[in-house]
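Encoded as structure tokens, the structure appears first; notes follow it.
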Amino acid sequence: MKKVVFLLLCLYGNHLASNIRHHKQNLPELNVLLMIADDLRIGDVSCYGNRNVRTPNIDLLASEGMKFNRMYSFPSDSGAMAAILEGQQPRKFGLVKSSNRTWSDFWSPAQEGGLLPGSRNLGRVFSVNQMSSFYNGKWALGSQPDTIPTSAGFSSFFGTLMSHNVGCVRENAYTDTYFFWQILTDHSPIFISLFIIILVSKYYAMIKLRTFLLLLLILVLGIGVLRVYCWMTLYNPNACILMENNVIKEQPYNEDTVSLRLIKNAMHFFKYRAKKQIPFIYVMSFLQPKFPFLTSAPFKNRTESALYDSIAELDWSVGKVLKSLEENELKNNTLVIFVSDNAPSFIHPVTKQPLSSRYHESNMFTTKGIVKKLRGEKGSNMEGGLRVPAIMRLPGTIPPNTETSVVTSLMDIYPTILDYYKFEKTAHDRTIDGKSLYPVFMDPSLAPSSSLHDQLYHYCDLGPVGAVTVGNLKILFRNGTETDCTGPLLDNPLIYNISSDPEELHPLPLSEHMPLLYHLKASLRKYEMKANLNQVKRSQYDKFPNPFDFPCWNILDCTKTYDEYETFNALFDE
């Protein structure tokens, strides 16, 4: 009897192993490496014409692949990340500027929100197809347990919940305490007036002692509520959290080593975990070069400004990841995508004062030997606020050392990856707004420039569309500024030829484009009805946080140091 059982077990094991081998043989031996910079401008990379800082590793990637000159982003960091991972307009999910214009992204780790539960993002697409999905770096799409990467479909997560910001730095830090005192100072006439009214009312016996004490208590409680509000913002250093899966590893994280830890984690992945011969997507979301320009100690003061120091470290990091990919023989079967989530802003996020000119120069980049200048910063609907650098490489498919001026969007990354794996389209996939970039891979000079997107909508908030790109034409419907895409509707839209006037300085005659405007408005109404945009009435950034939801590794103490000894010297050994 034992022999029979043993024989049956052997037969079952052989059958199981055969099925596993068969399953692995049916899986495409292809991988995706998606690298996302944080607020990198199209003119910040030397292969796009920057002469102030060299980016040899990003330049090498461009020489081996395709460079995109008209890749469009969104006014919101979180919205751009959602567009990359889901291929849809962030406006559909309420990931647009808040109604009060105060916040353009998630402003507290205690807020609810992020990717919609069960959404078919890239992480979940890979997991349901029994493929690996890893997320490393900045997330910015929710800080609560049900919205972090491991809850959104990714197999593993190592990184930060939010962007690196002014609350995360030690030198010249702007903390929640400063934020609190700034609000008190700015509104001091109100608080002082209320206090004087209460005192005068008591002095002239207009109110009883009990009422006097009650009003004073209400005033004190109001100030206390304001202090809790400021504590919950991203200016609290304890909002700078480094996590591994669903465990807080460091709070607040060490700005001198956090970037190096991310790169070390990426190299470890390609050396050990990527060899399991299961197709994977690896998202490497960098913390650079967003203000306040995170820079590790080895890269400080290397260039003429803190911004370029941060860009130099970003380029080095890209080089380390690509080298690790190649050393582990994954280069030829991996689609590499390098993009930025947004253009940068050169306005201080709190004081709203312009940053020192040494941190930035004009929005200039070079394409096909022609220098073009763009206007606008992050948050605007102008070309300088929407265009971001993008480079893609896939040996044997994407022709090397090419560039394209076809109108593309961060939303196109999602359907491109679906086509890369030849995944069968579902009902959900038919609602995506992005377009596969494979036609551009086959013909970089694809004409006209609107071959993929005949109309690309640029939404700013929950209001009407701010601008629409139609090939070489850009139609502005709202009166925004170079730093803000919000504004009233224009009585007469402004039309620019982006090809000949990238600075958007010379509007075209409206009378010559009336048929286009009629067609555009009809198409826009049809799209908004089909996408049910009228049902989204609130920005996710308007959700008021619950102080008890603020992530803390310990209920009594939010601070935690990294409990593992690490050395990073090996990262700099060639």
Side-chain angles (χ1 to χ4, degrees), residues 24 27-38 57-58 61 81 84-85 121-127 129-139 148-161 242-250 253 257-288 296 313-339 392-394 413 417 420-421 562 564-574:
K24 285 188 175 182
L27 282 174
E29 294 298 328
L30 303 169
N31 310 299
V32 176
L33 169 60
L34 173 56
M35 296 185 287
I36 308 170
D38 195 1
N57 296 297
I58 299 176
L61 181 64
M81 298 297 286
I84 292 172
L85 296 179
N121 62 73
L122 286 175
R124 191 160 278 116
V125 166
F126 273 71
S127 64
N129 285 279
Q130 300 182 7
M131 302 155 74
S132 300
S133 54
F134 300 87
Y135 201 100
N136 186 28
K138 181 198 79 171
W139 175 238
I148 61 177
T150 49
S151 298
F154 284 90
S155 309
S156 178
F157 170 53
F158 185 83
T160 65
L161 295 176
L242 177 68
M243 292 190 72
E244 183 171 12
N245 296 324
N246 60 346
V247 177
I248 294 177
K249 300 291 289 186
E250 189 174 29
Y253 58 68
T257 58
V258 62
S259 178
L260 300 179
R261 286 199 180 106
L262 298 179
I263 299 308
K264 189 174 181 180
N265 185 67
M267 295 174 65
H268 182 273
F269 169 81
F270 289 117
K271 186 174 181 179
Y272 297 105
R273 303 187 68 174
K275 293 183 177 181
K276 294 183 178 180
Q277 297 184 347
I278 298 177
F280 65 82
I281 181 171
Y282 191 87
V283 181
M284 180 68 240
S285 181
F286 299 99
L287 298 174
Q288 296 102 345
S296 303
E313 180 171 359
L314 169 68
D315 179 75
W316 171 84
S317 301
V318 169
K320 299 299 290 187
V321 174
L322 291 177
K323 184 178 179 181
S324 183
L325 186 77
E326 185 171 2
E327 288 177 344
N328 291 282
E329 301 179 352
L330 295 165
K331 177 179 179 178
N332 292 329
N333 65 328
T334 299
L335 169 63
V336 177
I337 301 174
F338 174 83
V339 296
M392 301 187 190
R393 182 189 75 185
L394 180 58
I413 293 173
I417 293 175
Y420 178 51
Y421 286 99
Y562 208 83
E564 297 176 16
Y565 175 77
E566 283 190 294
T567 177
F568 302 100
N569 294 334
L571 289 176
F572 300 93
D573 295 337
E574 295 296 334

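Note that this is a predicted model, so its numbers are computed, not measured. Just the heavy atoms: all of them, side chains too, but no hydrogens, waters or symmetry mates, feed the values below.
- Ring geometry, Tyr135 versus Trp139: the interplanar angle exceeds 60°, so the pair is classed perpendicular (tilted spans 30 to 60°).
- Of all the heavy atoms in Gly159 and Leu262, the pair that sits closest is CA-CD2, 3.9 Å.
- From Leu33, atom CG reaches atom CG of Leu325 across 6.0 Å, with rounding to the nearest 0.5 Å.
- Taken from OG in Ser296 to CZ in Phe572, the straight-line distance is 6.5 Å, to the nearest 0.5 Å.
- For an aromatic pair to be called close, the ring centres must be under 6.0 Å apart, and Phe134 with Phe158 fails this.
- Residues Tyr562 and Arg261 meet the side-chain proximity criterion, which asks for heavy atoms closer than 4.5 Å.
- Between Glu327 and Lys271 there is no salt bridge, since no side-chain N of the basic residue sits under 4.0 Å from a carboxylate O of the acidic one.
- The shortest non-hydrogen separation linking Ser259 to Glu313 is OG-OE2, 3.2 Å.
- Here Ser151 contributes atom OG and Asn246 contributes atom CG; the two are 7.5 Å apart, rounded to the nearest 0.5 Å.
- Under a 3.5 Å cut-off, the side chain of Asn328 and the backbone N or O of Leu330 do not form any donor-acceptor pair.
- Close placement of the Phe280 and Phe269 rings is indicated, their centers lying within 6.0 Å of each other.
- Here the closest non-hydrogen pair linking Val318 and Met35 is CG1-CE, 4.0 Å.
- Side-chain atoms of Tyr282 and Asn31 include no donor-acceptor pair closer than 3.5 Å.
- Of all the heavy atoms in Ile263 and Ser317, the pair that sits closest is CD1-CB, 3.4 Å.
- Between the side chain of Asn129 and the main chain of Val125, a donor-acceptor pair closer than 3.5 Å is present.
- With Phe286 as the aromatic partner, Lys138 does not meet the cation-pi criteria of under 6.0 angstrom to the ring centre and within 45 degrees of the ring axis.
- A side-chain donor-acceptor contact under 3.5 Å links Asn57 to the backbone of Asp315.
- In this structure, the side chains of Val336 and Leu322 come closer than 4.5 Å at one or more pairs of heavy atoms.
- Across all their heavy atoms, Gly137 and Phe157 have their closest contact at O-CE1, 3.6 Å.
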Walk me through whether Tyr421 and Phe126 qualify under ring pair (Phe, Tyr, Trp, His ring centres under 6.0 Å). CA-CA 10 Å; Tyr421 286 99; Phe126 273 71; 5.2 Å; yes
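- Scanning all heavy atoms of the two residues, the minimum distance from Ser155 to Asn245 falls at O-OD1, 4.3 Å.
- Note that OH of Tyr253 and OG1 of Thr160 are 5.5 Å apart. Values are rounded to the nearest 0.5 Å.
- At distances below 3.5 Å, not a single donor-acceptor pair connects side-chain atoms of Asn121 with backbone N or O atoms of Leu85.
- Atom OG of Ser133 sits about 9.0 Å away from atom CG of Leu122, to the nearest 0.5 Å.
- Under the 6.0 Å distance and 45° angle rule, Arg393 does not count as a cation-pi partner of Phe338.
- Rounding to the nearest 0.5 Å places OH of Tyr272 at 10.0 Å from CE of Met267.
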